[in-house]
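As structure tokens, the structure follows; a few thoughts come after it.
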Amino acid sequence: MNKFYITTAIAYTSQKPHIGNSYEIVLTDAIARFRRMQGHDVFFLTGTDEHGQKIEEKAKNAGVSPKEYVDKVAGEIREICDILNTSYDKFIRTTDDYHEAVVQKIFKKLYEQGDIYKSEYSGHYCVPCESFFTETQLVDGKCPDCGREVSQTSEEAYFLRLSKYQKQLEDYIETNPDFIYPESRKKEMVNNFLKPGLQDLCVSRTSFRWGVPVSFDEKHVIYVWIDALSNYITALGYSPEGSGELYKKYWPADVHIIGKDIIRFHTIYWPIILLALGEPLPKQVYGHPWVLCGNDKMSKSTGNVIYADDLVNRFGVDAIRYYLLSEIPFAQDGGLTYEMIIERYNSDLANNLGNLVNRTVAMVNKYFGGTLPCNTCEGEFDDDLKQAVLAVLPAVEKAFDSLHICDAAEAVINAAKRCNKYIDETLPWVLAKDEANNDRLSTVLYNLIESIRIIAVLLSPFIPDTSREILSQINSDITSYDSLKCFGVIPVGSSVGEAKPLFSRLDAEKVLAEINEELQKKAKEREKKEIPGIAQIGIEDFAKLDLRVAKIVDCQTVKKAKKLLQLTLDDGSGKPRTVASGIAAWYKPEDIIGKSVIVVANLKSAVLCGIESQGMILAGDCAEDDVKVVFVENMPEGTKIR
RNA sequence: CGCGGAGUGGAGCAGCUGGAAGCUCGUCGGGCUCAUAACCCGGAGGUCAGAGGUUCAAAUCCUCUCUCCGCAACCA
């Protein structure tokens with residue numbers, strides 16, 4: 001029995017995850033379940049990533065301790081994993097004490113062997129930016145962000161020597177072509193990071209406290225990614241001082257399932273940490289695509305967020321699992337709308353699969369009282385059916401091997417389709433009219449029941465509850481992997497149960513109307529809540545802003561930046577002021593030259609794509625993809641706004 | 001010229017190691033009645049983004065152009 005270690009990325013506990021975040025665990029679960037079915041000894045890990053500045057801030061805003069905050073969100077996340085019926089073997093939290101202890105040991109080991117070093121001799125700190133840079137990050141010896149002088153001693157931090165392991169990592173990627181998967185992601189990593197040469201990574205922070213402290217230097221907190229990535233081995237009982245049995249058995253991971261946005265951490269930093277620890281590298285990292293809301297990215301500000309638990313309450317777990325697993329492509333982002341869910345639910349689950357099981361079981365009951373007497377009277381369509389049904393397993397195997405999970409789902413559903421066709425070919429209701437055809441009729445129904453059994457078992461990685469329900473209706477408990485490889489293992493004479501619809505058809509219009517009504521209700525509630533929360537600063541805070549009217553005297557596009565326009569402003573001071581603004585998507589230079597805007601005149605300057613930006617101009621986020629600059633009329637340059 | 005990907009019938013996608021354009025949904029017509037107005041068959045609908053090129057033959061290879069998306073940089 002081969003071991004199979006599979007993981008999701010651990011979910012960040014800054015807020016409740018939406019359906020796009022939840023896609024990952026469902027995808028991983030399907031793979032884990034399939035491998036178990038094949039007889040692999042599977043260990044399936046998921047969990048939560050709970051440290052970091054963002055969480056510290058969120059907790060502060062919510063008026064609770066970071067731990068309290070994280071306990072709540074981690075609870076929600078785990079609940080969603082359970083609602084989605086995922087079969088994880090372990091749920092790790094980065095606040096678990098054993099994890100924190102091992103992370104400290106890992107950090108210490110890397111420090112002691114010189115792979116992590118204190119930055120004193122190469123430290124460059126930019127005071128205004130509160131940022132820390134390595135020698136190589138400096139631009140002409142100055143801060144790459146603001147271009148000012150940096151000082152040597154103001155801040156110390158620890159760095160991981162990435163460059164030392166670059167060659168080894170490149171070799172590994174070379175000799176394991178499927179390590180970074182899919183291929184296009186590999187190219188991104190190689191071309192954007194490896195080829196230009198890796199820069200040492202800052203792996204400690206002193207600007208906040210919510211993290212794992214460096215054991216030998218307590219004012220430093222370990223960088224969240226070092227902390228988070230280590231979960232894959234701490235969960236198994238890894239320790240630099242000697243690892244436990246689980247680790248020896250399951251590491252290296254067979255595949256890390258992660259979102260495409262964090263490929264870099266998993267294919268560059270993580271392997272290098274492992275190389276430095278002297279541990280084997282994961283065999284594969286699959287960066288899956290995203291679930292989009294229609295064509296848009298799901299985001300809270302747009303208000304188009306959809307949560308897994310809401311969907312499950314409305315449509316059922318298996319409907320949602322099936323949707324995610326069958327609709328989201330292998331490498332391209334997939335869409336999710338209520339319309340699409342209903343469409344797929346009706347066509348695949350209700351009409352095709354559900355109806356097949358229902359009509360077949362009903363016929364067995366109707367014509368034979370639930371017990372088939374014979375399966376030996378073969379006819380002309382039988383071989384074709386058997387061949388088609390037996391061909392599904394190899395197709396599913398192939399799809400899982402290449403992580404094309406939606407293709408696997410499609411292959412199984414197509415088998416159900418083939419069965420529906422077989423019913424029309426063999427016309428059981430015609431056979432039933434003449435008792436002389438009883439044997440043939442029994443054989444036809446037997447072939448259908450056996451096909452349904454195979455389909456049901458193959459559906460178990462995708463829709464486990466439904467799979468069990470189907471098997472219960474046909475009254476079969478033969479579910480072994482080998483039993484999928486030959487046709488006809490259900491014994492003649494066994495009886496079926498009652499025919500109950502698996503998925504009742506949805507009336508799209510009705511369901512959509514209901515959903516709209518609820519969404520509107522929620523939107524109203526939200527409006528009410530948000531307004532009282534605004535008055536949180538005093539007049540003295542506002543007075544810190546120096547807002548002034550300025551006229552745009554020149555404007556140019558910026559070569560290297562898609563989003564930036566470089567504005568030259570007359571703010572009444574007599575000196576031209578340069579401001580870079582991220583409005584290129586909505587404004588062309590000629591549209592705005594000569595107009596007047598409001599500029600935040602006392603904002604500290606910053607360098608963006610090589611331009612020193614001295615302030616910012618005010619603009620409104622009207623919608624997710626619509627920004628409008630605040631133009632003013634009839635006010636002279638330099639007018640103070642308050 | 002930073003890197004990578006995508007543009008295929010109304011919608012969503014496959015095909016892309018060159019050899020008569022496919023799948024699902026929708027739509028139209030027919031069949032059937034065991035079943036959840038479900039199922040089965042058939043039709044209509046595409047100059048495979050555009051322009052060149054290689055080839056006996058290109059959606060599939062090469063070049064250029066246009067449009068979208070992602071990564072990187074970055075939205076002050």
Side-chain angles (χ1 to χ4, degrees), chain A residues 144-146 182-196 260-264 287 289-290 292 295 297 326-335 337 339-340 342-344 346-367 404 406-407 410 413-414 416-432 441 444-445 448 499-507 558-565 579-586 599-600 603-619 621 627:
Chain A
D145 280 352
C146 70
E183 173 85 19
S184 57
R185 302 289 154 198
K186 172 160 99 182
K187 285 179 182 157
E188 270 173 18
M189 290 307 119
V190 171
N191 289 329
N192 287 322
F193 297 100
L194 262 15
K195 270 189 191 165
K260 61 181 185 179
D261 49 327
I262 52 173
I263 286 255
R264 184 167 104 231
W290 282 333
L292 305 177
N295 288 316
K297 207 165 145 181
S326 62
E327 183 68 35
I328 310 304
F330 163 68
Q332 260 179 282
D333 292 345
T337 62
E339 287 90 338
M340 290 164 93
I342 294 168
E343 190 178 300
R344 221 165 229 284
N346 278 340
S347 75
D348 288 359
L349 296 179
N351 296 351
N352 190 353
L353 176 68
N355 189 40
L356 168 69
V357 174
N358 194 241
R359 66 200 297 214
T360 303
V361 174
M363 281 193 278
V364 175
N365 280 315
K366 186 168 178 175
Y367 299 141
H404 286 61
C406 58
D407 292 348
E410 192 188 359
I413 286 298
N414 279 343
K417 223 163 214 178
R418 183 63 191 80
C419 290
N420 275 319
K421 182 172 173 162
Y422 178 74
I423 294 179
D424 272 53
E425 288 169 339
T426 53
L427 305 168
W429 54 91
V430 173
L431 294 173
L441 177 57
V444 164
L445 292 177
L448 285 167
K500 280 177 285 187
L502 297 168
F503 300 94
S504 49
R505 269 181 73 80
L506 298 175
D507 181 337
V558 181
K559 278 182 286 185
K560 286 183 178 178
K562 277 184 211 159
K563 298 179 181 174
L564 293 181
L565 287 183
V579 168
S581 185
I583 55 170
W586 302 277
V599 62
V600 182
L603 190 70
K604 77 184 175 193
S605 66
V607 174
L608 305 172
C609 286
I611 302 160
E612 184 178 3
S613 179
Q614 304 155 327
M616 68 182 277
I617 63 170
L618 299 190
D621 284 312
V627 169

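Chain identifiers are assigned alphabetically (A, B, ...) following the order of the sequence lines, protein sequences preceding nucleic acid strands; residue numbering begins at 1 within each chain.
- When both distances must be under 3.5 Å, the Watson-Crick or G-U wobble mate of rU27(B) is rG43(B).
- The base-pairing partner of rC48(B), taking Watson-Crick or G-U wobble contacts with both distances under 3.5 Å, does not exist among the strands shown.
- Nearest heavy atom pair, residue Gly335(A) against residue Ile328(A), reads O-CD1, 4.2 Å.
- Look at rG2(B): its Watson-Crick or wobble partner, with both distances under 3.5 angstrom, is rC71(B).
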Show me the protein contacts with nucleotides 26-28 of chain B, counting only N or O atoms at under 3.5 Å.
none

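- Counting non-hydrogen atoms under 4.0 angstrom, Ile617(A) reaches nothing in the nucleic acid.
- The phosphate of rA72(B) (OP1 or OP2) has a side-chain N or O of Arg264(A) nearer than 4.0 angstrom.
- For the pair Glu410(A) CD and rC23(B) P, the computed distance is 11 Å after rounding to whole Å.
- With distances taken from any side-chain atom of Asp424(A) to the nucleotides rG12(B), rG70(B), rC34(B), the minimum falls on rC34(B).
- To the nearest 0.5 angstrom, Ser504(A) atom OG is 11.0 Å from Leu349(A) atom CG.
- Atoms CD1 (Ile342(A)) and C1' (rG12(B)) sit 16 Å apart, rounded to a whole Å.
- Between Asn352(A) atom CG and rC40(B) atom P the separation is 7 Å, expressed in whole Å.
- Here the C1' atom of nucleotide rC40(B) and the CG atom of Asn355(A) are 12 Å apart, to the nearest Å.
- Rounded to the nearest Å, the gap between the P atom of rC16(B) and that of rU60(B) is 13 Å.
- At a cut-off of 3.5 angstrom, the base of rG70(B) holds no donor-acceptor pair with the side chain of Asp261(A).
- The side chain of Ala350(A) lies closest to rU36(B), out of rU36(B), rG70(B), rC40(B).
- A gap of 15 Å separates the P atoms of rC23(B) and rG15(B), to the nearest Å.
- Here rU33(B) presents its P atom at 13 Å from CE of Met363(A), a figure rounded to the nearest Å.
- Residue contacts shown for Ser581(A) are limited to sugar-phosphate atoms, with no base heavy atom under 4.0 Å away.
- Sequence order on RNA chain B of the closest nucleotides to Asn420(A) and Lys500(A) puts Lys500(A) first from the 5' end.
- Across all their heavy atoms, Leu431(A) and Thr426(A) have their closest contact at CD1-O, 3.7 Å.
- The side chain of Arg185(A) lies closest to rG70(B) when the candidates are rC34(B), rG70(B), rU36(B).
- Spacing of P atoms, rG9(B) relative to rG2(B), comes out at 31 Å, to the nearest Å.
- One atom, CG of Leu194(A), and another, C1' of rG2(B), lie 16 Å apart when rounded to the nearest Å.
- Here the side chain of Phe193(A) is nearest to one of rC32(B), rA72(B), rC23(B), namely rA72(B).
- Here Lys421(A) reaches the OP1 or OP2 of rC41(B): one of its side-chain N or O atoms lies under 4.0 Å away.
- In terms of position on RNA chain B, the residue among Leu356(A) and Ala580(A) whose nearest nucleotide sits closer to the 5' end is Leu356(A).
- One P atom belongs to rG10(B), the other to rG45(B), and the distance between them is 12 Å to the nearest Å.
- Side chain of Asn358(A), nearest nucleotide from rU36(B), rC71(B), rC34(B): rU36(B).
- Comparing rA14(B) with rA73(B), their C1' atoms are spaced 35 Å from each other, to the whole Å.
- Put simply, CE on Met363(A) and CD1 on Ile423(A) are 4.5 Å apart, with the number rounded to the nearest 0.5 Å.
- Using a 4.0 Å cut-off between a side-chain N of Lys or Arg and a carboxylate O of Asp or Glu, Lys417(A) and Glu410(A) do not qualify as a salt bridge.
- Rounded to whole Å, the P atom of rC41(B) lies 15 Å from the corresponding atom of rG26(B).
- Ala499(A) approaches Ala362(A) most closely through the heavy-atom pair CB-N, 3.9 Å.
- Of all nucleotides present, none satisfies the Watson-Crick or G-U wobble test against rU36(B) with each distance under 3.5 Å.
- Rounded to whole Å, atom P of rC39(B) lies 10 Å from atom CG of Asn346(A).
- Within the 4.0 angstrom heavy-atom criterion, only backbone atoms of the sugar-phosphate kind lie near Glu327(A); the bases stay farther away.
- Atom-to-atom distance recorded for Asn355(A):CG and Thr360(A):OG1 is 8.5 Å, nearest 0.5 angstrom.
- Here, rA58(B) and rG18(B) have their C1' atoms 6 Å apart, quoted to the whole Å.
- Nucleotides rU33(B) and rA20(B) place their C1' atoms 39 Å apart, quoted to the nearest Å.
- The side chain of Lys187(A) contributes an N or O atom lying less than 4.0 Å from OP1 or OP2 of rG5(B).
- Here rG70(B) is the nucleotide among rC34(B), rA38(B), rG70(B) with the atom lying nearest to any side-chain atom of Trp290(A).
- Nearest approach of Cys406(A) to Phe330(A), heavy atoms of both residues: SG-N, 4.3 Å.
- Closest to the side chain of Arg505(A), out of rA35(B), rA38(B), rG70(B), is rA38(B).
- One interatomic measurement links the two molecules: CZ of Arg344(A) to P of rC25(B), which rounds to 9 Å at whole-angstrom precision.
- In this structure, of rC34(B), rU36(B), rU24(B), it is rU24(B) that holds the atom nearest to the side chain of Lys417(A).
- For the pair Lys186(A) and rG5(B), the criterion of a side-chain N or O lying under 4.0 Å from OP1 or OP2 is not met.
- Within 4.0 Å of Glu425(A), counting heavy atoms only, lies no atom of the nucleic acid at all.
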